[in-house]
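Here the structure comes first, spelled out in C-alpha cells, and everything after it is commentary.
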Protein chains: 2
Amino acid sequence: MLDERTKKILYAVIHSYINNPEPVGSRYVTKKYDFGVSSATIRNIMADLEELGFLTQPHTSAGRVPTDRGYRYFVDSILKEGYGHLDEDLATTFLSRLQNIRDDIDAYFAEVSALLSRMSNYMGIAQAPKPDVSTFKRIELIRYRGESIAAVLFTNEGLIKHRVIQVDPLFTQKDLNRLSDYLNKEYAGLSIDEVKSLLFKRLRFDKVVLDRLLDKAFKIYEQILSFSEGEIYMEGLLDVLTLPDFADISKIKQIYKAIKDKHIMLKIIDSISKTDGVQVIIGRENEFEELSRCSIVASTYGHSGKKMGVIALIGPTRMDYSKAISMVDFVSNCLTKTFSE
Amino acid sequence: MLDERTKKILYAVIHSYINNPEPVGSRYVTKKYDFGVSSATIRNIMADLEELGFLTQPHTSAGRVPTDRGYRYFVDSILKEGYGHLDEDLATTFLSRLQNIRDDIDAYFAEVSALLSRMSNYMGIAQAPKPDVSTFKRIELIRYRGESIAAVLFTNEGLIKHRVIQVDPLFTQKDLNRLSDYLNKEYAGLSIDEVKSLLFKRLRFDKVVLDRLLDKAFKIYEQILSFSEGEIYMEGLLDVLTLPDFADISKIKQIYKAIKDKHIMLKIIDSISKTDGVQVIIGRENEFEELSRCSIVASTYGHSGKKMGVIALIGPTRMDYSKAISMVDFVSNCLTKTFSE
DNA sequence: TTTTAGCACTCTCACCTTGAGAGTGCTAAT
DNA sequence: ATTAGCACTCTCAAGGTGAGAGTGCTAAAA
C-alpha cells in the first residue's frame with residue numbers, strides 16, 4: 001500500500017522520534033538517513049504521510065511526529081516480517097537471575113517483573129499463574145479463634161494461597177481434617193477448575209463421606225477454591241513516569257492512577273489473555289483514556305493451549321517496539337518452558 | 001520563652017500557611033486574626049520570629065513561611081498541652097470499616113492504611129504485627145517438588161506466613177511431620193522470639209525426639225522462624241505527591257523513590273518503634289534528604305510494653321499536625337485494644 | 001517604652017515585544 | 001519526478017515593564 005521509499009521514510013521518522021522525542025524535520029531526515037534525495041522531496045513525501053494519517057505536526061512548521069496509526073503500521077510490519085531474537089547478553093542475565101528462585105513463586109514473579117523493567121526501562125508486569133488453571137496439590141484447614149479458620153492451598157506450580165474463612169463455630173479441627181483429607185485424596189493432580197466442577201457434581205453422591213458436614217462443606221469448598229486472577233507484579237513505574245513524554249504533572253497523575261487501579265489493570269490483562277502470542281496495544285487502541293499515551297506490549301504464557309498468565313511491558317507510545325517485542329516474546333517462552341516442567 | 005502574643009502570632013502564621021501554602025504577610029495576619037494591633041506591630045514581631053528561626057522569608061518582601069523549627073515549637077506545644085480527640089464521625093467510620101475483617105490480617109492492615117490515608121488526605125502507613133513478638137500457634141511443613149518444602153506459620157494474632165525452603169531431598173513428609181509436631185506441641189503459646197531462644201537451647205537435650213534429624217532440623221527451624229519485620233502497608237502516595245508543596249517533577253521523583261525504597265522505610269519505621277507514644281518527625285529532622293520536605297506523624301501500637309508495630313502518616317511539613325496527631329493517637333489505641341483481645 | 005502611620009524600597013510575576021531558529025508549503029526550473 | 005529557493009509560520013528564550021504585595025525604617029503618638 002505504501003511504496004518502498006515512503007515506508008522507509010516513515011520508519012526513519014519513527015526511528016528518530018523513538019530515540020529522541022522531538023518532531024522530526026525533513027532536513028534532519030535527509031541528513032541522518034541517506035535516501036539520496038533532497039529535503040524538498042522528503043518534505044513532499046512526509047506531507048503525503050501526514051495526509052494518510054501516519055504522521056502529524058504538533059503545529060505548523062514544527063517537524064513531524066508519528067501518530068498511533070503510524071506506529072501501528074510499523075509494528076504490524078515487525079510482527080509480520082518477523083523480529084530478531086533478544087540480545088544474547090540480556091537473555092543470559094535474565095535466565096541466570098531466575099535460576100535460584102524457581103521454587104518461590106512470589107519471589108520468582110516479582111523478579112520477572114523487575115527484570116522486564118530493568119532490561120527495557122519500561123514498566124514490567126508479570127502475572128503469576130492463574131490459580132484456577134493450576135494443578136491442585138493439597139489444602140490445609142486450620143481452626144483459628146472463634147468463627148474463623150485458615151485455609152492454605154498448594155498447587156503443583158508452587159502457588160501457595162491462604163485465606164481466612166468464617167465458619168460455623170461448631171466445626172472442630174477433626175471436621176476440618178475430614179474436609180481437607182477428602183479433597184487431598186480424591187482430587188490431587190486435577191486443575192482447580194476441574195476440581196471445582198467435579199467436586200460439586202460428586203459431592204451429592206459422596207454424601208456418605210461427609211454426611212452431616214455436607215451443607216457447610218459446600219460453602220467452605222467454594223470459598224477455598226474461588227480465586228479470580230493470578231497475582232500481578234509490577235515494577236518500574238517511576239521509569240515510565242519520568243520519561244519526557246509525560247513531563248507534566250497532570251499526565252503523571254493520570255497514568256499513576258490508572259496503573260494503580262486494580263480494576264483497570266485486571267481488565268487489560270484479561271483482554272490480553274484472550275489471545276495467543278505477542279500483542280501490541282498502541283495508544284488509544286486501549287479503552288482507557290488515562291493510558292491513551294501509553295503502549296502495551298504483552299503476551300500470554302503457558303503450555304499446550306492452557307494460558308497460565310500474562311506478562312507485559314508498558315511504556316510511552318514512543319516505545320522501542322522492536323526490542324520490547326523481542327523481550328516479551330523471549331520471556332513468555334521462558335515462562336512457558338519453565339512451567340511445563 | 002516566647003511571650004503569649006508572639007506565640008499566638010506564630011501559630012496564626014502556621015495556621016494560615018497550613019490552610020493555604022502561600023507566604024503570610026503582616027497585613028493578612030492583622031486582618032484575619034484579631035490581635036487588636038496594627039500591621040506594623042505584627043510586622044515587628046514577625047521580624048523577631050524570623051530572627052529566632054521560627055519563620056523565614058522565601059525572598060525579601062514576600063510574606064513569611066514557618067521553618068521546621070517553627071513547626072517543632074508548635075507541635076511541642078500541642079503534644080505538651082494535650083490535643084483533642086479525633087472527630088467523632090471519623091472515629092465511627094474508622095471502627096465500622098474494620099469490624100468485619102478482624103480475622104484477616106492482610107486485609108485488616110491494608111484497610112487501616114487506606115483509612116488513615118482517606119481520613120487525613122496524607123499517606124497512611126500501617127505495619128502488621130511483627131512476627132517475632134507474635135504468639136506462636138503452629139506450623140505446617142509440606143513436601144514440595146525436589147528439594148523444597150513449604151512452611152506455613154500461624155500466630156495467635158492471625159498472621160499467616162508461608163515460605164519455601166530448600167532441604168535435603170531425603171527428608172520425607174513423615175520427617176517433616178515430626179519436626180512440625182514437635183514444635184506445635186511443645187512451643188504453642190510462646191512468642192516467636194521465645195520459641196527461637198528456647199528451642200535452640202533445648203534441642204540439644206531433646207535429641208531423643210528428633211535423633212538423626214537434629215542437624216538438619218536446626219537449619220529448617222531457623223529459616224522458618226526468622227522474620228525481620230511486620231508487613232508494611234501504604235496507601236495514598238498520590239494524594240501527597242500531587243500536593244502543591246511538591247509541584248515540580250524532580251521533587252515528586254525524589255519522594256516517590258524514597259517511599260518505594262524498602263530500605264529507607266524500614267529504617268524509619270525501625271527508629272519509630274524505639275519510642276512509645278505519638279512521635280512527630282518534622283522535615284529535616286529525619287535523616288533522609290529525600291524526605292526533607294515531609295513530616296511523619298507516627299506511633300507504635302501494642303499491649304503492655306510489647307510494641308507490635310507502627311502506624312504513621314506522611315505528609316508535607318505543612319501538615320495539619322493537630323488533626324494528624326489525634327488521628328494517629330486514636331488509631332494506635334484502637335489497634336492496641338484490638339490486639340490485646 | 002510600646003505602638004503606629006507613612007513611605008521608600010525590594011522582589012516577584014504576569015505580560016509584552018522581539019529576534020533567532022527551525023521547518024514548512026509552494027512555485028518555477030531542471 | 002525532483003530540486004532550489006523563498007516567503008511564511010510558529011516556537012522559544014531573552015529582555016523590558018509595571019502592578020502588586022510586603023517589608024524595614026523612621027519619626028511621631030500614646
Side-chain angles (χ1 to χ4, degrees), chain A residues 2-10 12-17 19-67 70 244-245 247-248 318, chain B residues 2-10 12-17 19-67 70 244-245 247-249:
Chain A
L2 294 185
D3 80 70
E4 202 54 32
R5 192 178 62 182
T6 311
K7 238 190 259 183
K8 286 262 170 66
I9 289 172
L10 172 60
V13 172
I14 291 177
H15 177 263
S16 163
Y17 192 71
N19 286 308
N20 180 8
E22 271 166 28
V24 184
S26 57
R27 211 175 116 74
Y28 183 85
V29 173
T30 324
K31 275 201 165 175
K32 288 279 172 173
Y33 303 83
D34 188 21
F35 287 104
V37 292
S38 79
S39 68
T41 308
I42 301 286
R43 204 137 63 227
N44 290 330
I45 295 175
M46 280 167 77
D48 295 346
L49 282 167
E50 176 159 13
E51 215 167 321
L52 291 168
F54 294 126
L55 296 178
T56 186
Q57 282 182 293
H59 56 86
T60 338
S61 142
R64 258 108 178 174
V65 162
T67 60
D245 306 62
D248 71 275
R318 178 186 70 86
Chain B
L2 293 185
D3 81 70
E4 202 54 32
R5 191 178 62 180
T6 311
K7 238 189 259 181
K8 286 264 169 66
I9 289 171
L10 173 60
V13 173
I14 292 178
H15 177 262
S16 162
Y17 192 70
N19 286 309
N20 179 10
E22 271 166 28
V24 184
S26 56
R27 211 174 117 72
Y28 183 84
V29 172
T30 323
K31 275 202 166 174
K32 287 280 173 172
Y33 303 84
D34 188 19
F35 287 103
V37 291
S38 79
S39 69
T41 308
I42 301 286
R43 203 137 63 226
N44 291 329
I45 296 175
M46 281 167 77
D48 295 345
L49 283 167
E50 176 159 13
E51 216 168 320
L52 291 167
F54 294 127
L55 297 178
T56 187
Q57 283 181 293
H59 55 86
T60 338
S61 140
R64 257 109 178 173
V65 162
T67 60
D245 305 61
D248 71 273
I249 300 197

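In what follows, chains are A, B, ... by sequence order, proteins preceding strands, each numbered from 1.
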Between [N] atom [atom2] and [X] atom [atom1], what is the distance in whole Å?
X	N	atom1	atom2	result
B/Glu22	D/dA21	CD	C1'	11 Å
B/Phe35	C/dT2	CZ	C1'	17 Å
A/Arg27	C/dG25	CZ	C1'	17 Å
A/Ile45	C/dG23	CD1	P	18 Å
B/Asn44	D/dG24	CG	P	8 Å
B/His59	D/dG20	NE2	P	17 Å
B/Lys31	D/dG22	NZ	P	10 Å
A/Ile42	D/dT2	CD1	P	10 Å

Review point. Taking the side chain from A/Thr30 and the backbone from A/Ser26, do they hold a donor-acceptor pair closer than 3.5 Å?
Key: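 Judged by distance alone, yes, a pair lies under 3.5 Å.
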
Check your understanding: Is the backbone of A/Gly53 close enough, under 3.5 Å, to the side chain of A/Thr67 for a donor and an acceptor to pair up by distance?
Key ->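 Side chain of A/Thr67 to backbone of A/Gly53: a pair is present.
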
Taking OP1 and OP2 of [N], is either one under 4.0 Å from a side-chain nitrogen or oxygen of [X]?
X	N	value
A/Ser61	C/dT24	no
A/Thr60	D/dC10	yes
A/Ser38	D/dT2	no
B/Arg64	D/dT23	yes

Can you figure out which of [options] approaches the side chain of [X] most closely?
X	options	value
A/Arg5	D/dT2, C/dT4, D/dT3	D/dT2
B/Arg43	C/dT24, C/dG6, D/dT3	C/dG6
B/Met46	D/dT23, D/dT2, C/dG25	D/dT23

Does the side chain of [X] reach to within under 4.5 Å of the side chain of [Y], using non-hydrogen atoms?
X	Y	result
B/Lys8	B/Tyr33	no
A/Leu55	A/Val13	yes
A/Ile9	A/Leu49	yes

Check your understanding: Using a cut-off of 4.0 Å on non-hydrogen atoms, how would the nucleic acid contact of A/Ser26 be classed: base, sugar-phosphate, or nothing?
Key ->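 Sugar-phosphate, no base atom in range.
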
